[in-house]
**Q** 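Got a structure here, written out as structure tokens. Questions coming.
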Amino acid sequence: MNNPKKGALLYQGKAKSVYKTDDPDYLIMHFNDDATAFNGKKHEIVEGKGELNLRICKRIFEFLSDRIPMAYVETLNKKEMLQKNVEIIPLEVVVRNKIAGSLAKRFGKKAGSDLPFPVIEYFLKSDDLDDPQLTRSHIAAFNIANRTEMEIIEELALQINTILKHFFSVRGIVLVDFKVEFGRYYGDILLADEISPDSARLWEKQDESVLDKDRFRHNLGDLIEGYKIIAKRIGA
Ligand code: UDP
């Protein structure tokens, strides 16, 4: 397609800026060098992070693209991605293969153990409320998404997990958990936002060392070094 022209800033996220284009059906996502954690309470500029994240995300989206309906269209340059302008459903859909992060904390479980099957969780996208967890029943009652949409979302999230778990595993990386977002687009539900080491836990298979944003969250090593290992391993 002809590249749409970049327009006004539509939304300033924590690690991404979203711009309108001259075509209302498309928008441009700019990957910034900002690293944030704990709902923005920890914040640093990490030079090179935006470019690396975009490369990794592009590789993942293009790998998924023949099986998962998605907003992703193409990358435009080293820091920008063109996406369909979906109506974002304000849910963080988390799929987990191993116990880590908030799951370990909330339920007093040991991080690192395998789950017997993928566990799916929903959180409301709300910085003000600190992203509270939701059940499918809350989601229906609060009119966040209808039951048909949730059936599709759950199936897509689990399908993405199956594909990516294998994709990473054969490349020596464990997909511990990840967060995805979905949006509405002319009657379809599309995978939106990003999938990257900012939004997924990725561990080295050999020694379970952390390669993802937990390096930044918990001072576990150089962020860029981890992201570079991931990029290289997956051919991003
Ligand atoms: N996650 C995310 N954005 C959020 C919260 C979580 O991308 O606002 C991702 C996170 O990187 C991890 C997964 O979702 O891969 C599960 O996160 P968890 O609930 O364990 O929360 P955290 O430990 O990050 O607070």
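For this chain, numbers begin at 1 and follow the sequence in order. When a ligand or atom number is given, it counts from 1 through the structure's own listing order.
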**Q** Counting each atom of ligand 1 from 1 as listed, which ones have a heavy atom of Asp198 under 4.0 Å away?
**A** 7 (O), 11 (O)

**Q** Numbering the atoms of ligand 1 from 1, which are under 4.0 Å from a heavy atom of Gly101?
**A** 20 (O), 23 (O)

**Q** Using a 4.0 Å cutoff against the non-hydrogen atoms of Val94, which atoms of ligand 1 qualify?
**A** 14 (O), 16 (C)

**Q** Among all protein heavy atoms in this structure, tell me which lies nearest to atom 10 (C) of ligand 1, with the distance rounded to 0.1 Å.
**A** Arg217 NH2, 3.6 Å

**Q** Please list, in number order, the atoms of ligand 1 under 4.0 Å from a heavy atom of Asp131.
**A** 8 (O)

**Q** Look at Glu151 together with Arg136 and state whether they make a salt bridge at an N to O cut-off of under 4.0 Å.
**A** yes

**Q** Taking Lys16 as the fixed residue, which of Asp198, Asn32, Asp193 is the one that meets the side-chain hydrogen bond (donor to acceptor under 3.5 Å, both in side chains) rule?
**A** Asp193

**Q** Cationic tip of Lys49 within the cone over Tyr227's six-membered ring, i.e. under 6.0 Å and within 45° of the normal?
**A** no

**Q** Would you confirm whether Asp188, through its side chain, and Leu190, through its main-chain N or O, come within 3.5 Å as a donor-acceptor pair?
**A** no

**Q** Does Asp212 come within less than 4.0 Å of ligand 1, judged by its heavy atoms?
**A** no

**Q** Given Glu121, Lys179, Lys14, Arg96, which has its nearest heavy atom closest to atom 2 (C) of ligand 1?
**A** Lys179

**Q** Please report the closest heavy-atom contact between Tyr19 and Gly7, naming both atoms and the distance.
**A** CD2-O, 3.5 Å

**Q** Taking only non-hydrogen atoms of Lys125, do any sit less than 4.0 angstrom from ligand 1?
**A** no

**Q** Hydrophobic clustering (ILVMFWY, side-chain heavy atoms < 4.5 Å, transitive) - are Phe63 and Val73 grouped together?
**A** no

**Q** Any donor and acceptor pair, going by atom type alone, linking the side chain of Ser65 with main-chain N or O of Glu62 inside 3.5 Å?
**A** yes

**Q** For atom 4 (C) of ligand 1, what is the nearest protein heavy atom, given as residue, atom name and distance?
**A** Glu92 OE1, 3.2 Å

**Q** To the nearest 0.1 Å, how far is atom 13 (C) of ligand 1 from its closest protein heavy atom, and which atom is that?
**A** Asp177 OD1, 3.5 Å

**Q** Please list the nearest protein heavy atom to atom 17 (O) of ligand 1 with its residue and the distance rounded to 0.1 Å.
**A** Arg201 NH1, 3.6 Å

**Q** Evaluating non-hydrogen atoms only, which member of Ser196, Ala200, Ser102, Pro197 is closest to atom 19 (O) of ligand 1?
**A** Ser102

**Q** So, applying salt bridge (Lys or Arg N to Asp or Glu O under 4.0 Å) with Arg215, which one of Glu44, Glu204, Glu225 is it?
**A** Glu225

